[in-house]
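Beneath this line is the structure, given in structure tokens, with notes to follow.
These numbers come from the heavy atoms of this one structure, side chains and all, not from hydrogens, waters or symmetry mates. Letters A, B, ... mirror the listed sequences (proteins, then strands); counts begin at 1.
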Number of protein chains: 2
Amino acid sequence: MSVGIRHDDLRRRNRAMVIAAVRRAGQPSRTEIAATTGLSHSTISAISSDLIGEGILTESKPSEAGSLKRGRPQVGLSLNPEAAAVMTVVLSLNFLSVAVIDYAGQVISEEQRRLDTLTMSRDALIGECTAIVRRRLEDPDLDVRSIARIALAIQGITDTRSRAMLWSPITPHTDIAFADILEDEFGIPATMENDCNMMAIALRWRDPDRYRDDFIAILLSHGIGMGLVLKGELFTGTHSSGGEFGHMIHQPKGALCRCGRRGCVEAYAGNYAIWRNARQLGEDAEPVADVSDADMRALATAARERDGPEREAYRKAGEALGYGLGSLFALIDPAPVAMVGVSAAAFDLIEPALREAIAQTAGGQHSKSISFDTEPNELPLIREGCAMRALTFVDQEIFAPGVQARAGLVGKNVA
Amino acid sequence: MSVGIRHDDLRRRNRAMVIAAVRRAGQPSRTEIAATTGLSHSTISAISSDLIGEGILTESKPSEAGSLKRGRPQVGLSLNPEAAAVMTVVLSLNFLSVAVIDYAGQVISEEQRRLDTLTMSRDALIGECTAIVRRRLEDPDLDVRSIARIALAIQGITDTRSRAMLWSPITPHTDIAFADILEDEFGIPATMENDCNMMAIALRWRDPDRYRDDFIAILLSHGIGMGLVLKGELFTGTHSSGGEFGHMIHQPKGALCRCGRRGCVEAYAGNYAIWRNARQLGEDAEPVADVSDADMRALATAARERDGPEREAYRKAGEALGYGLGSLFALIDPAPVAMVGVSAAAFDLIEPALREAIAQTAGGQHSKSISFDTEPNELPLIREGCAMRALTFVDQEIFAPGVQARAGLVGKNVA
DNA sequence: AGTATTTTTTCGAGGCTCGAAAAAATAGGG
DNA sequence: CCCTATTTTTTCGAGCCTCGAAAAAATACT
């Protein structure tokens, strides 16, 4: 249950804190770090001296701009790009992409590949993933030994321990323990992450002012996904990656959802649902497997041009999202929302109905003040999030290694 | 943002840990504490010696039962009842109750009082609360100086910082900063808690095996409330006490809710909703102010006797609760549920429809394994929860006082 | 009464952070 | 060009804290 703090944990945690401060701030001086962490100058000096000695941090030239001050100039500390490297693997519908990223966060090498994820066999899918990773590892420019961690993201449900994909819309196969597979194959620690959670992490790094302690990232794509950060931590379910916003019930016994159930938010707001409604196929029509981005854009254009079934389809999507958000907000209170994915580009068509619906709910009490941001392209976000996820793992578990993980401290997500 | 750990925090945290271990275990020996906290025997010995010296813990006679072991017998440590005392104030519909509790958790003194909360003026309501507290404080048997904290619970929405009631069904008045009012009046630190959160805390103390890290307490009363513990911590909204399960939307544009909106879960499952449906008044009928427990029991009896509108009313309640839980479970994964309140006594009437509905949802994937427990009487639970809340505050903030609360450490709820 | 066993305390060692003072590095002024 | 004021960084001793090992305490068994 609860566990005491041992003396040796102290240094470990404070080391992690210093590394985190440098990762966040970019090039902070020792003095700045002392200020943000609340530790004394002596401590910061000692820790950063260690970290520099170990090749984790480097001293960079004093920041040029502010050299009009008197006194000894500050020396910036920055992450040593060569301290380590991580790999990200993003598996989405018909698309596989991998990148190698240095310790400072720069992409060193990448590869992308189309494949037919829906029809591939289980082994073929796993094979493609290991093969693409192997090709990157065998890249002659790359020092393989420096790859400290692999983070793999997939659309769908993963388990809380970040080991396996439990279910995904991009493949009929279930329960693939990707993290274990990659670990066994390459001997590199790996984790399996949910795509929307990675989006949330990326948003936080991109715009920490807007996306700080509490916010929501919603993926408006073929399906509807969500990444949720609450009180500064990534929120996951207790068993699975959780946050299945798309499968909250909007309308009991309502429209047929891709998941086989009825009335889910997704069954009104997913691309296939918008498509189905725009084509007036009826709510019982079997969801189509995929709608191309081009088709969705055409739908949006049509909806903007005339008041017809297309516009009504987006209105319904907005209504479902609005009631869903309203129920969510009843539980967690309103927070900034980022709408990500193709249909985020059509948010102008969705927003009016969404706001009207949310105003009908308990969570929408201050519906005017709830702010939405849109980002049509989810892939770069997912990749960035994966990279930061893997890098912070290295920060914490390799460069600030502690006593062997002890009960009560394990499984805390840091967004 | 993130903050370093200072050397002096160490002792403070480990002290708190030892106190917590004693409060949980009852009469643990030093050896047991060392085992559960992971700290060394020397450390536990030193800390407990301090705590005994300060009068916080006492040594109790070795536990009798297990005296068949060889070796030096264990000396049990227990909380010194006289170390401090706390007061709980529970304000519910037409009822005010207060109790004084010693440091070991025993009730020393209590008082209860009926009043007409719905019609009272704001000042009268506040006045009743301060008066009843004052009467307890002036109790000649009581050493006033030892009251270290007051925890006040109310049905309704409170703010995250536990200072004020924002809205409550028991009174038309809003935004009453009860915690500040009591603090100013008596100079004793006070907090304002949500009733369902206190229920959750109490359940955890009562049955830590069933209610450990993740569980849900649902109040089935005139309104529907929820207390939620996730990953071992009380879950609250980001601004308010949150967890307004009763106001998740079950049916867009559906039945009229007491909150003025439409289609909330409560508008189908609250006592007034069951009453309204049983009387076949229609979904637009204005919610009645109160239904007596006796009337609700009569309703349940009628529903058990014949298949009529009463039974249908309970079925509708079950359906709304089921879909609501399904949506909730989509977000957080299934967890054990405790149904508390008058209508929990009619859970046999509610359960079939509830299970059927939940099986239609994403969160109900393993609906058979979701287990429900019932507890018809909410008041004792709320009182117990309040007491434990106040006592753990004393444990942590008075008997293990730290550096002045620093950013990042504040606002963590410990259930 | 003596031995084995278990719990608790004692004691010295090693680490960590802190505050104060010293050292280092620069800008400004005469 | 040198000296002083200023700011950052390092150094050093002090004070705590936890730990492991050994000692002390308290009981059951033989």
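Distances from the side chain of B:S29 to the nucleotides D:dT10, C:dT8, C:dC16 place C:dT8 closest.
Residue B:N14 places at least one side-chain N or O under 4.0 Å from the OP1 or OP2 atom of D:dT18.
By the salt bridge (charged side-chain N to carboxylate O under 4.0 Å, His left out) test, B:D180 pairs with B:R163, sequence neighbours left out. Listed by chain and number, the residues in a ring pair (Phe, Tyr, Trp, His ring centres under 6.0 Å) with B:H7 are A:H7 (sequence neighbours excluded). In terms of the salt bridge (charged side-chain N to carboxylate O under 4.0 Å, His left out) criterion, B:R161 has no residue partners (sequence neighbours excluded). Judged as a salt bridge (charged side-chain N to carboxylate O under 4.0 Å, His left out), and not counting sequence neighbours, the contacts of B:E54 are B:R15. Listed by chain and number, the residues in a side chain to side chain contact (heavy atoms under 4.5 Å, CB included) with A:S45 amount to none (sequence neighbours excluded). For B:R72, there are no side-chain hydrogen bond (donor to acceptor under 3.5 Å, both in side chains) partners, not counting sequence neighbours. Under the rule for a salt bridge (charged side-chain N to carboxylate O under 4.0 Å, His left out), A:E32 has no partner lying at least two apart in sequence or in another chain.
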Could you run down the sub-3.5 Å N/O contacts of the protein with nucleotides 2-6 of chain C?
{"from": "C:dT5", "atom 1": "O2", "to": "B:G71", "atom 2": "N", "distance (Å)": "3.3"}
{"from": "C:dT6", "atom 1": "O2", "to": "B:R72", "atom 2": "N", "distance (Å)": "2.8"}

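Checked against the 6.0 Å centroid criterion, the rings of B:Y103 and B:F399 qualify as a close aromatic pair.
Scanning residues 40-49 of chain B for heavy-atom distances under 4.0 Å to DNA chain D yields B:S40, B:S42, B:T43.
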